[in-house]
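Quick note on labels: first sequence line is chain A, next is B, and so on, each numbered from 1.
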Amino acid sequence: GQQVMQIPQYQHVQEGEDFTTYCNSSTTLSNIQWYKQRPGGHPVFLIQLVKSGEVKKQKRLTFQFGEAKKNSSLHITATQTTDVGTYFCAGHRGSTLGRLYFGRGTQLTVWP
Amino acid sequence: NAGVTQTPKFQVLKTGQSMTLQCAQDMNHEYMSWYRQDPGMGLRLIHYSVGAGITDQGEVPNGYNVSRSTTEDFPLRLLSAAPSQTSVYFCASSYKGAPRVEQFFGPGTRLTVL
């Protein structure tokens, strides 16, 4: 079954509104990664969090890793049309780094 | 440094045909993976490899074979194509050493099986 759940599947916002996608794993993750895929493109790495409770920011993007290392979130403040795409969370389990478990992604649409 | 390359970019097959999707990376990455992406299903892992000569199954391995004879190449073979294998296929690679284990993706192969 699905190891990493991600919600919502789709999100439509008006430019300037905030956006959040949530990721939840059934097991503890050794890290959490976030990727962005533009329409017609391939996934591109955004960031990795490793520590329990870690919070990282990239301009308007804020990433959090839960205390139990089972959940994560990505928050975008004041969305822009350039934020359009699908955002995936992914994580490694234990010390096995060869296999990455992906969520199904949240497809973000931003209306101008 | 070309990163991860995939060929072909597009392919149309008839049911029952076989073919190989090529993937190569020039970053000397130990780990390589194959994913398929279907609408609403995200990225599903087909097979992955942690080094030359070592491969393992992912979430959806049936109908696909892989081998890893060199660090650089990780081809994906469709044994007898079926319409259910119509999808976009991505190859990815990553460095072995922690903590930086981000995956680098190729541009993808869009496969249609008629």
Side-chain angles (χ1 to χ4, degrees), chain A residues 1-11 21 23-26 29-52 54 56 58 63 65 69 85-108, chain B residues 3-6 9-10 23 25 27 29-61 66 68 71 74 87-110:
Chain A
Q2 186 72 18
Q3 308 276 359
V4 177
M5 304 297 295
Q6 191 174 352
I7 58 169
Q9 188 173 356
Y10 303 97
Q11 186 75 56
T21 173
C23 186
N24 190 58
S25 170
S26 56
L29 300 171
S30 55
N31 58 35
I32 193 81
Q33 299 179 356
W34 286 91
Y35 292 79
K36 178 182 178 180
Q37 182 180 26
R38 295 182 186 275
H42 59 274
V44 174
F45 175 83
L46 292 176
I47 205 164
Q48 175 175 275
L49 295 89
V50 178
K51 299 177 183 177
S52 170
E54 190 171 11
K56 286 188 176 181
Q58 287 181 348
F63 304 85
F65 198 11
K69 301 183 77 172
T86 301
Y87 293 84
F88 292 98
C89 64
H92 288 99
R93 296 168 61 184
S95 59
T96 305
L97 300 179
R99 178 171 180 170
L100 196 56
Y101 292 85
F102 274 88
R104 288 190 176 176
T106 296
Q107 185 174 324
L108 174 64
Chain B
V4 180
T5 57
Q6 290 184 239
K9 290 186 178 180
F10 301 93
C23 174
Q25 53 90 11
M27 298 174 281
H29 284 169
E30 294 87 352
Y31 298 158
M32 296 186 75
S33 300
W34 274 104
Y35 298 90
R36 60 176 289 174
Q37 185 173 35
D38 305 291
M41 298 299 291
L43 295 162
R44 291 188 292 171
L45 182 65
I46 305 171
H47 287 284
Y48 66 103
S49 169
V50 296
I54 307 169
T55 64
D56 206 347
Q57 295 182 350
E59 185 182 354
V60 287
V66 291
R68 183 101 181 266
T71 300
F74 191 41
S87 187
V88 180
Y89 291 84
F90 289 103
C91 178
S93 72
S94 60
Y95 174 60
K96 179 179 179 181
R100 187 77 172 184
V101 289
E102 67 182 274
Q103 290 198 344
F104 293 83
F105 284 80
T109 294
R110 298 181 182 276

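Most heavy-atom pairs under 4.5 Å with chain A, from the set Gly108(B), Ser94(B), Ser33(B), Gly106(B): that is Gly106(B).
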Worksheet item: Going through the distances and angles, do Phe102(A) and Glu59(B) end up as a side-chain contact (heavy atoms from CB on, under 4.5 Å)?
Response: CA-CA 11 Å; Phe102(A) 274 88; Glu59(B) 185 182 354; over 6 Å; no
Worksheet item: Do Phe45(A) and Phe105(B) pass the ring-ring contact (aromatic ring centres under 6.0 Å, His included) test, and can you show the C-alpha distance, the side-chain angles, and the key distance before you say yes or no?
Response: CA-CA 9 Å; Phe45(A) 175 83; Phe105(B) 284 80; over 10 Å; no
Discussion item. Could you go through Leu43(B) and Phe88(A), starting from their C-alpha distance and side-chain angles, then the distance that decides it, and tell me whether this counts as side-chain contact (heavy atoms from CB on, under 4.5 Å)?
Written reply: CA-CA 9 Å; Leu43(B) 295 162; Phe88(A) 292 98; 4.3 Å; yes
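Side chains of Met41(B) and Arg104(A) form a contact here, defined as non-hydrogen atoms less than 4.5 Å apart.
Without hydrogens or angle criteria, Tyr48(B) side chain to Leu100(A) main chain gives no donor-acceptor distance under 3.5 Å.
Residues satisfying the side chain to side chain donor-acceptor pair (under 3.5 Å) test with Thr109(B), not counting sequence neighbours, are none.
Of all heavy-atom pairs spanning Gln57(B) and Arg99(A), the tightest one is O-NH1, 3.8 Å.
In this structure, a donor-acceptor pair under 3.5 Å is present between the side chains of Gln37(A) and Gln37(B).
Contact of Tyr35(A) with chain B is made through the side chain alone, with heavy-atom distances under 4.5 Å. Looking at Phe104(B), neither its backbone nor its side chain comes within 4.5 Å of chain A, counting heavy atoms on both sides.
Separating the CD atom in Gln103(B) from the NE2 atom in His92(A) is a distance of 6.0 Å, to the nearest 0.5 Å.
Listed by first and then second residue, the salt bridge (Lys or Arg N to Asp or Glu O under 4.0 Å) pairs involving residues 33-42 of chain B are Arg36(B)-Asp38(B), Asp38(B)-Arg44(B) (not counting sequence neighbours).
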